[in-house]
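So you know, we letter chains A, B, ... as the sequences are listed, proteins then strands, and number each from 1.
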Protein chains: 2
Amino acid sequence: MLTNKNWNCSMSRVLDVVGGKWRMNILWVINKHKKVRFNQLRREVEGITTISLTRGLDVLIENQLIEKYDFETIPLHTEYELTEKGKSLMPILRDLNQWGKEWLQ
Amino acid sequence: MLTNKNWNCSMSRVLDVVGGKWRMNILWVINKHKKVRFNQLRREVEGITTISLTRGLDVLIENQLIEKYDFETIPLHTEYELTEKGKSLMPILRDLNQWGKEWLQ
DNA sequence: CCGAATCCTTGTTGATACTG
DNA sequence: CAGTATCAACAAGGATTCGG
């Protein structure tokens with residue numbers, strides 16, 4: 001998404017990680033539940049499709065904001081959970097959300 | 001960009017406004033100068049082209065985060081400045097930037 | 001149940017050239 | 001100086017189908 005490395009602030013990297021259409025919302029819902037399974041996530045992030053959810057989770061895992069736990073059972077069972085890094089972003093997400101409520105009706 | 005209206009938080013609208021590739025950086029530079037002209041902005045937002053700058057400014061003006069002042073002289077002279085709404089976002093941008101520095105090397 | 005693979009549509013960004 | 005017009009390239013998102 002973003003490639004320019006010469007900026008004088010870290011905003012570009014931040015948006016690389018959480019700037020997509022769904023990613024902040026995915027984080028939001030995971031945070032609400034602490035641990036959450038794939039299909040529950042899909043139900044609660046309203047409007048998301050399985051592929052967008054998969055891609056969003058992939059990016060968040062790559063950047064270590066969340067962790068995936070794979071129980072190798074049949075049927076499959078996976079859980080997603082915030083890492084410390086992910087948790088450290090939540091206060092800012094709350095502020096952003098609050099700002100949106102106050103200023104964007 | 002974003003169209004889903006049913007989310008249980010305002011994140012989607014926030015990203016509509018400031019989620020683009022350059023927009024937070026444009027805000028950042030405008031804030032640094034208080035008032036700034038087009039070409040100065042283009043020089044300081046490193047890597048941006050005139051068209052991307054124009055588009056970014058348009059979105060920010062539409063959403064009333066910045067204001068444009070047009071001095072109808074020859075040669076042309078314009079200035080951009082943050083509105084109260086734009087200023088109200090700056091603390092959060094600072095936090096995001098700081099988070100990026102701490103967690104994304 | 002939890003996804004991956006494929007194919008397709010749309011949105012975003014950019015290069016270049018040009019204008020009042 | 002401060003943009004616009006046009007065209008091109010690519011990334012993001014989505015529908016559907018398939019598999020362990």
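- Legend: salt bridge (charged side-chain N to carboxylate O under 4.0 Å, His left out) pairs involving residues 65-77 of chain A, not counting sequence neighbours, sorted by first then second residue: A:K68-A:D70.
- Per the geometry, CD1 belonging to A:I74 stands 16 Å off P belonging to D:dG19, to the nearest Å.
- Judged as a side-chain hydrogen bond (donor to acceptor under 3.5 Å, both in side chains), and not counting sequence neighbours, the contacts of B:S52 are B:T49.
- Note: CG (A:L76) to P (D:dG19) measures 15 Å, nearest angstrom.
- Atom pair B:I48:CD1 and C:dA15:P shows a separation of 11 Å (rounding to whole Å applied).
- Rounded to a whole Å, the CZ atom of A:R42 is 17 Å from the P atom of D:dG13.
- Under 4.0 angstrom from either OP1 or OP2 of C:dT12 there lies no side-chain N or O belonging to B:W22.
- Closest to the side chain of A:N39, out of C:dT13, D:dC1, C:dC1, is C:dC1.
- Here the P atom of nucleotide C:dC1 and the CD atom of A:E72 are 19 Å apart, to the nearest Å.
- Without hydrogens or angle criteria, B:R23 side chain to B:D16 main chain gives a donor-acceptor distance under 3.5 Å.
- Rounded to whole Å, atom C1' of D:dG14 lies 9 Å from atom NZ of A:K21.
- Close to C:dG14, at under 4.0 Å from its OP1 or OP2, lies a side-chain N or O of B:S52.
- The side chain to side chain contact (heavy atoms under 4.5 Å, CB included) check on A:R94 picks up A:W28, A:N31, A:M90, A:P91, with sequence neighbours excluded.
- Cluster partners of B:Y69, by chain and number: B:F71. The rule joins Ile, Leu, Val, Met, Phe, Trp and Tyr whenever side-chain heavy atoms lie under 4.5 Å apart.
- Of the two residues near DNA chain C, B:T49 and A:H77, the one whose nearest nucleotide lies more 5' is A:H77.
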So which protein N/O to nucleotides 3-7 of chain C N/O distances come out below 3.5 Å?
| unit_1 | atom_1 | unit_2 | atom_2 | d |
| --- | --- | --- | --- | --- |
| C:dG3 | OP1 | A:K68 | NZ | 2.7 |
| C:dG3 | OP1 | A:Y80 | OH | 3.2 |
| C:dG3 | OP2 | A:T78 | OG1 | 2.3 |
| C:dG3 | OP2 | A:Y80 | OH | 2.5 |

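- With sequence neighbours excluded, the residues that form a side-chain hydrogen bond (donor to acceptor under 3.5 Å, both in side chains) with A:H77 are A:R37, A:E79.
- Bending across the helix from C:dC1-D:dG20 to C:dG20-D:dC1, expressed as the angle between its end axes from five pairs apiece, amounts to 50° (10° rounding).
- Protein atom CD1 of A:I26 is 12 Å distant from nucleotide atom C1' of D:dG13, rounded to whole Å.
- Between the CG atom of A:L53 and the C1' atom of D:dA15 there is a distance of 16 Å, rounded to whole Å.
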Sequence neighbours excluded and cut-off under 3.5 Å, please list the side-chain donor-acceptor pairs for residues 54-66 of chain B, or say none.
| unit_1 | atom_1 | unit_2 | atom_2 | d |
| --- | --- | --- | --- | --- |
| B:T54 | OG1 | B:T50 | O | 2.9 |
| B:N63 | ND2 | B:V59 | O | 2.8 |

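- A side chain to side chain contact (heavy atoms under 4.5 Å, CB included) with B:M24 holds for exactly one of B:N97, B:V17, B:I92, B:V18; it is B:V18.
- Partners of B:K35 according to the side-chain hydrogen bond (donor to acceptor under 3.5 Å, both in side chains) rule, which considers only residues two or more places apart in sequence or in another chain, are B:E81.
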